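Input: a single structure, listed below in structure tokens.
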Amino acid sequence: SAGATVGHGLGVAPNFIILKDYSSTRNWQVYHSGAGSTYKYGVNLDLSNAFNNSSGTNGAFDDPSATVINFTNGSSTINNLNANGASIVAYCFADIDGLQKFGSYSGTGSSNSITGLGFIPRFLLVKEVDGVDSWELYDSERGANKVFYPNGNNAEVTGSTLTSFDSDGFTVSSATSINESGKNYIYWAIGRSSTAETPTVENSYSSENWIGSPRAISVYNGFQPGLVITRSFDDGGYNWGVYDSLRGPGSELHFESTGAADVDLNNHGVADFNTD
């Protein structure tokens, strides 16, 4: 219902929330602490639109606390999903020293190094806050110059937007999609450092690639995952696959499909979450 609060269990306030009604067609909703108070009310992951600056029709989130996600009292359909009997999943994340960082930076229009992360990023998601450029996703497995667009289903693009993953952050080029002068950007970075809190936390992220096969295959990443995101990176037209342990393997969501409900793949796609 409007103004609802929902527990998240992190023990600290989330910096990043991805929310989806998986029982019907509704847009993915995203909260990011780095967007600031003006734009805190969220944005759609499946679209390239700017962050909302109003708690009205399109607003969903208010600042979360250490115990609950707070929803605004606006008239957004997201606010009223409980009343509609919808089934909702929320992926919640917070900063972890030496491993994961959510932040923001201002565009300069020239080479721009973003520092202070405390690790070398292996995964990076960037979005312009106050403009309509696409979400951009990078990882060290494919290389810093290869970009995906979560709000689209095209194959990876080789470009010059992200220059490098650095020892304490990352460097972006002068490209307007990631570093336009006067624009603001938010990011989600995951890395690996020996200073991470525990080996279990340190080994909770992995990028893997494999060659597609008409038979069942196993992909090894060293731990039992709770969230798996898949994408063909050399062929366009295929959907992103989003799986989680709450809904169970075989139940697939798609980032770029403008809010479509999940699909029961009857064990096609990710069939199981194994111990490794």
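As the structure is a prediction and not an experimental result, all values here were calculated from the model. Heavy atoms only: backbone and side chains are in, while hydrogens, waters and symmetry mates are out.
Between the side chains of Asn153 and Asn239, not a single donor N or O lies within less than 3.5 Å of an accepting N or O. Checking Asp262 against Ser251 by side-chain atom types alone, a donor-acceptor pair falls below 3.5 Å. Between the side chains of Asp21 and Ser24, at least one donor N or O lies within less than 3.5 Å of an accepting N or O. Side-chain atoms of Ser33 and Asn15 include a donor-acceptor pair closer than 3.5 Å. Side chains of Asp244 and Tyr91: a donor-acceptor N/O pair is present below 3.5 angstrom, by distance only.
By the neighbour-count criterion of 12 heavy atoms within 6.0 Å, atom CZ of Phe223 is densely surrounded, having more than that number from other residues, nucleotides or ligands.
Going from atom CG of Asp139 over to atom CG of Leu124 covers 10.0 Å, rounded to the nearest 0.5 Å. A distance of 6.0 Å separates CD1 of Ile96 from OG of Ser204, quoted to the nearest 0.5 Å. The CG atom of Asn145 sits 5.5 Å away from the OG1 atom of Thr158 when rounded to the nearest 0.5 Å. Between atom CD of residue Glu136 and atom CG of residue Leu162 there is a gap of 9.0 Å, rounded to the nearest 0.5 Å. Interatomic distance, Asn209 CG to Arg231 CZ, rounded to the nearest 0.5 Å: 14.0 Å.
Of the options Phe93, Trp188, Phe123, a ring pair (Phe, Tyr, Trp, His ring centres under 6.0 Å) to Tyr205 is made by Phe123 and by none of the others.
Within the 3.5 Å criterion, the main-chain N or O of Asp166 finds no donor-acceptor partner in the side chain of Ser164. Judged purely by atom type and a 3.5 angstrom limit, Asn179 uses its side chain to pair as donor or acceptor with the backbone of Ser173. For the pair His254 (side chain) and Glu256 (backbone), a donor-acceptor distance under 3.5 Å is absent. Remark: the backbone N or O of Arg26 is paired with a side-chain donor or acceptor of Lys20 at under 3.5 angstrom. Looking at Trp28, its side chain never comes within 3.5 Å of a backbone N or O of Leu47 through a donor-acceptor pair.
Applying the side-chain contact (heavy atoms from CB on, under 4.5 Å) rule to Lys101 yields the partners Asp95, Leu117, Phe119, Tyr187; only residues at least two apart in sequence or on another chain are considered. Not counting sequence neighbours, Tyr138 has no partner by the ring-ring contact (aromatic ring centres under 6.0 Å, His included) test.
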(request) List the steps and the verdict of side-chain hydrogen bond (donor to acceptor under 3.5 Å, both in side chains) for Tyr149 and Asn154. (result) CA-CA 8 Å; Tyr149 303 108; Asn154 46 307; over 6 Å; no
(message) Between Asp46 and Asn151, does the side-chain hydrogen bond (donor to acceptor under 3.5 Å, both in side chains) criterion hold? Intermediate values first, please.
(response) CA-CA 4 Å; Asp46 50 338; Asn151 50 280; over 6 Å; no
(message) Between Glu252 and Tyr243, does the side-chain hydrogen bond (donor to acceptor under 3.5 Å, both in side chains) criterion hold? Intermediate values first, please.
(response) CA-CA 5 Å; Glu252 182 180 72; Tyr243 310 84; 2.4 Å; yes
(request) List the steps and the verdict of side-chain contact (heavy atoms from CB on, under 4.5 Å) for Ser181 and Thr108. (result) CA-CA 4 Å; Ser181 179; Thr108 64; 5.9 Å; no
(request) Take Ile114 and Thr171 through the side-chain contact (heavy atoms from CB on, under 4.5 Å) test and state the conclusion after the steps. (result) CA-CA 6 Å; Ile114 289 70; Thr171 299; over 6 Å; no
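A heavy-atom distance below 4.5 Å is not found between the side chains of His32 and Ile17.
Residues Phe165 and Phe170 place their aromatic rings such that the two centres sit no closer than 6.0 Å. Note: Phe148 and Trp135 fail the aromatic proximity criterion, with ring centroids not under 6.0 Å apart.
Taking each heavy atom of Ala90 and Ile69 in turn, the nearest pair found is CB-CD1, 4.2 Å.
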